[in-house]
Every structure is written in C-alpha cells, then in structure tokens.
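Down below is the structure, laid out as structure tokens.
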Amino acid sequence: MTALPERTVDSKFPAGDSDDSADREPVATNSEQKAIENKSLKASFLTSFFTSTLSIFERRSDSFSVEKKPTKSRSYGWTTAVRKVVTSGSMRRLQEHILGTSRFDNLSMTSQIWFLGKCYKLSLEESSQCSDPGNSYAAFLEDFSSRIWITYRKGFEPIVESKFTCDVNWGCMIRSSQMLVAQALILHHLGRSWRKPLQKPYELQYVEVLHLFGDSSTCAFSIHNLLRAGRGYGLAAGSWLGPYAICRTWETLARANKEQAEHDKCKESLPMVLYIVSGDEDGEQGGAPVVCIEVAARLCSDFSKGQLEWAPILLLVPLVLGLEKINPRYIPLLWETFTFPQSVGILGGKPGASTYIVGVQDDKALYLDPHEVQPAVDIRRDDSEADCTSYHCSTVRHLPFDMIDPSLAIGFYCRDKGDFEDFCSRASQLADSSNGAPLFTVVQNLQPAKPIPCHVGTDHNRGIHDTSVENFSDIGDQVHGDEWQIL
C-alpha cells in the first residue's frame, strides 16, 4: 500500500535490492492522507505528487502485461521515456531528500538493538580487541540480511477468478504475514543462529522454505492459496485486509493443508500448531487476549493426534491498541516483546501500509518493507543453486514507534514445552508490569463469566469491536474495554 516516511540504513552486504534498483508502489489511503495533512501539508503534497506519478506508470505497465494487447498506443514512447525519468534513482533520491527519508541517517552507535529476541550492542570498532564480535554492528547487519524478505511480485500466474498477475498496491499485509511465518519456519528448521550462506550450494531446508512462499497455486503458502483460504474473511485479489483477518486466514490455510497432507504425503503443511490468541474462547469478543495453557495443550494434542504431549507452536496475537494512533502506554510493552527469545516480530506499519517489524532501538521500530516490486521467481524445492537474492534485503528501515498503526499482530514461536513455559513466564511478568493495561495475559484455563449485553460491530478489514468486559480466572487487574480491542 502506501509508502512509509521511513529512514533507511544501508549495510555493506550485497544481498537484496536497494531502492535505486527496485520499483516502489506507494498508494495513499484516505485515513493516511488525513494524518499526513494534520502533520505537514508540504509533505502531503509532495508525497501525493511522487506517489501518483509512480503509481500511474506502474499500473500502465501492469495493464499491458495482463491484457497482452498486440498493439501499443501512440503515446507509448512518450510514457516510456517519462517513466524512466520518474522512476530513476535520481528522482527517488530527490524524493527522499525532500521528504526527509535520507539513507544516511544511521542507527545510533551507542544504543542497543533488540532484534527478534537477540540483543546487539552496536560498535563500529571491529578490532581484534572486541571481546564479543557477535554483538557488533556487522553481526547485526548479517543477521538482518539473513531474514526472509517477501515483497510485491509481478508477472506471476493469474490469481484464480481474476486477471491479477501482480499484487502491487494491495498485497502488503499478505506479504508481511508471509515474512513472519517464514521466520517461524527458519527458527523451526534451522534455528535462531542460522545465517544465509555466502556461497552456494544452499541448504535444501532453506530452499524448501522459500519454495513454500512461491507465487503459484502449487506452493503451499502462496498469495494464491492465502486468498483462497481467506474468502470467508473478505479476502479478494485487489482488496486490502487487516491483521485479524490475515491471522484467521493463516489458521484456515494451515488447517486445510494439514488435512490434505494426511491423505497425500506429497502435500506440504505447517509443521507447527497455529494458535490465534484472542480475548475469549471463540476469538470473536473484546477484552485482553488470553494465552490459555489448557487450550495450547489441547491444540498440541490434536496436532499430533494424541501421540505427543507437546508440539512446536506459533502464537499470533492480533490487537488494536488505540483508535487513530497507538496509545503511548503500550509502546514500552511492545518494545519489550522483542526481548523474548520466542519473538518472530510484529505485523504492523502505517495505516494502509503493512510492514514486518523485526526489531527496536530507542524509540524506533526496525522493519522489512514489502513495498518493493520484483519479478516473480520460481524456486524449486530441490534447487540448491537457486538465485535467492530477491528474498533478502540489506536495507534497514525504521520509523518512530508512535507512528505505527494501532492495528497489529504480534508473533511468537515456541519450539517445545519448555520454550512455551519460558514464554508464559515472560509474558506474565510483562503483564504484571503493565499497570493494569496488558497486551495480553496468561491463564491456566478459561472460566468465562456471564457476558454483559452489548452491541458488537464487525468489520474484517478493520477489526472486531466489543464494549463488554470478560472476566477470566487468574487475571489480575481488570482491563477496561475502551483501553484496547481485538483486531
């Protein structure tokens, strides 16, 4: 969706493409335009100028590829020439300079970074006297550029019941969620210490993970299959969706894939339990999300058909932490979740512009941006020599934490029961320090009280709102319904 007013930091690593070599497709939504106008009329005008110009030419190019017309319009030569100027690196650098998105605004060298559960104490001094090179600036950038980066793609097979061969301007939430699940799979198969090899051949397990997210209906977690699974939540090619809908979509897709894999061993499925944490037993009411240990145990038992006591588990916690802006009281709590070893990041960003938030430093949220347009690629699961550069990014982007959309979803991956218990302990401590307004709580079992009569409004693209308060056992301070909502 829309481009973010981010600042970027370039690393020395060659993996991935920079903004100068990849197209960006910004589109402004009404809600975001209002926010921008309130802050800066100048920035709004310039953003609209660059945005509309770039979007016009990208959509024009896509229309040619979709319709496959044999003839070109008379103005094709003129539009091609102008497009080259508008989308050139020089024009983009001018845009960044005017709007304040300089690439040379480096991260602080004196403040620590928490990046997906790992702490980096940055230092540019890479001398032999460094007692812990694993905490260096270079080590952080190597870790960052090893994460799976999934972006807009163009030129893939048409999505069923549509002519879309690209997801530009509408697929950013889907792409962000793919990045989060890909990180969980990397943790599951290769571990947190895994780094992308500098030379081929690559590990087949790594290649297989990338294959799962290919842009084809034959790939288990493709945009095609996610759209099919999310029809019940309003998903459709060309339309945008919120964190709650995409979390439920993954739940539906994971269940369907598992059922297919039970009958066809060649089918791929998610090798872990997917637990959507919500404010009540059915996940459709308001109130603080509750991680229920009893529910998690039951999901693990069902996943293994009762053969195992526990199973790996991916928890997704969709939230709305404010109305138009995030409530400042939640920022320290969100910041703290990145210190959890189980952290797999946050689906968040600006209104209408989803990103994959992977770390924090001071008041900044570090993220991977899906708003890059790259050609679709076909990575076979057994191709250890595949070109995987388009799945990694060496540009560290960040934006102020208080600018992120209050609608978001937090992710955690727990490898085994001990890891889950450690997560529950950390989450309980975080809830205890929240002054009565936790992000979520942990209980042993759910005992819902009689619901308070209320009016519930449902909108899958924004969230599910409820003004009632649900009481559960083992919950300390009562959370008022207007403090936060489920998305």
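All values reported here derive from a predicted model rather than from experimental measurement.
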How close do [X] and [Y] get, heavy atom to heavy atom, and via which atoms?
X    : Y    : value
Y206 : I148 : CE1-CD1, 4.0 Å
G348 : L408 : CA-CB, 4.4 Å
L210 : C388 : CD1-SG, 3.5 Å
I276 : C247 : CD1-O, 3.5 Å
I313 : A296 : CD1-CB, 4.1 Å
A311 : F303 : CB-CD2, 3.8 Å

For [Y], does its backbone N or O pair with a side-chain atom of [X] as donor and acceptor, under 3.5 Å?
X    : Y    : answer
W335 : D362 : yes
S434 : A431 : yes
S343 : F340 : no
S146 : K196 : yes
W240 : N169 : no
D416 : D419 : yes
Y275 : C292 : yes
N225 : S217 : yes
H392 : S145 : yes
R380 : E208 : no

Under a plain distance cut-off of 3.5 Å, with no hydrogens placed, do [Y] and [X] share a side-chain donor-acceptor pair?
X    : Y    : answer
Q361 : S111 : no
N257 : E268 : no
R231 : T249 : no

Hey, does [Y] have a side-chain heavy atom less than 4.5 Å from the side chain of [X]?
X    : Y    : answer
S222 : S216 : no
L321 : L439 : yes
V443 : I293 : no
I186 : V209 : yes
S390 : V377 : yes
Y391 : T151 : no
V360 : L366 : no
D215 : R153 : yes

Centroid-centroid under 6.0 Å between [X] and [Y] rings:
X    : Y    : result
F221 : W250 : yes
Y120 : W114 : no
H224 : F156 : yes
H398 : Y367 : no
F338 : F115 : no

Could you walk me through whether K350 and I404 pass the side-chain contact (heavy atoms from CB on, under 4.5 Å) test, one step at a time?
-> CA-CA 5 Å; K350 288 280 287 180; I404 68 174; over 6 Å; no
To the closest 0.5 Å, what do you measure between [atom1] ([X]) and [atom2] ([Y])?
X    : Y    : atom1 : atom2 : answer
W310 : R415 : CH2   : CZ    : 15.5 Å
Y413 : F420 : OH    : CZ    : 13.5 Å
T441 : D432 : OG1   : CG    : 10.0 Å
C424 : K417 : SG    : NZ    : 10.5 Å
L241 : L235 : CG    : CG    : 4.5 Å
L368 : T395 : CG    : OG1   : 9.5 Å

Any chance you could lay out the side-chain contact (heavy atoms from CB on, under 4.5 Å) test for L227 and I159, step after step, and finish with the verdict?
-> CA-CA 9 Å; L227 286 169; I159 296 173; 3.6 Å; yes
Using the side-chain contact (heavy atoms from CB on, under 4.5 Å) rule, take R192 and L116 through it: C-alpha gap first, then chi angles, then the decisive distance, then the call.
-> CA-CA 9 Å; R192 183 62 182 88; L116 296 175; 3.8 Å; yes
Test: D402 and K325 ion pair at under 4.0 Å = no
Do E372 and R397 sit within salt-bridge range, that is, some charged N less than 4.0 Å from a carboxylate O?
-> yes
Please say whether more than 12 non-hydrogen atoms of neighbouring residues, nucleotides or ligands are located less than 6.0 Å from CD in E262.
-> yes
Is it the case that K364 places NZ or CZ above or below the six-membered ring of F401, under 6.0 angstrom from the centre and within 45 degrees of the axis?
-> no
When Q178, R147, M179 are each screened for side-chain contact (heavy atoms from CB on, under 4.5 Å) with Y356, the one that passes is M179
Check each of L253, L212, L185 against L270 using the side-chain contact (heavy atoms from CB on, under 4.5 Å) test, and report the only one that passes.
-> L185
Yes or no on side-chain contact (heavy atoms from CB on, under 4.5 Å) for Y152 and H371, after CA distance, side-chain angles and deciding distance?
-> CA-CA 6 Å; Y152 288 152; H371 300 85; 3.4 Å; yes
I would like to know whether D143 and K118 meet salt bridge (charged side-chain N to carboxylate O under 4.0 Å, His left out); could you show each step before the answer?
-> CA-CA 10 Å; D143 192 357; K118 181 172 176 56; over 6 Å; no
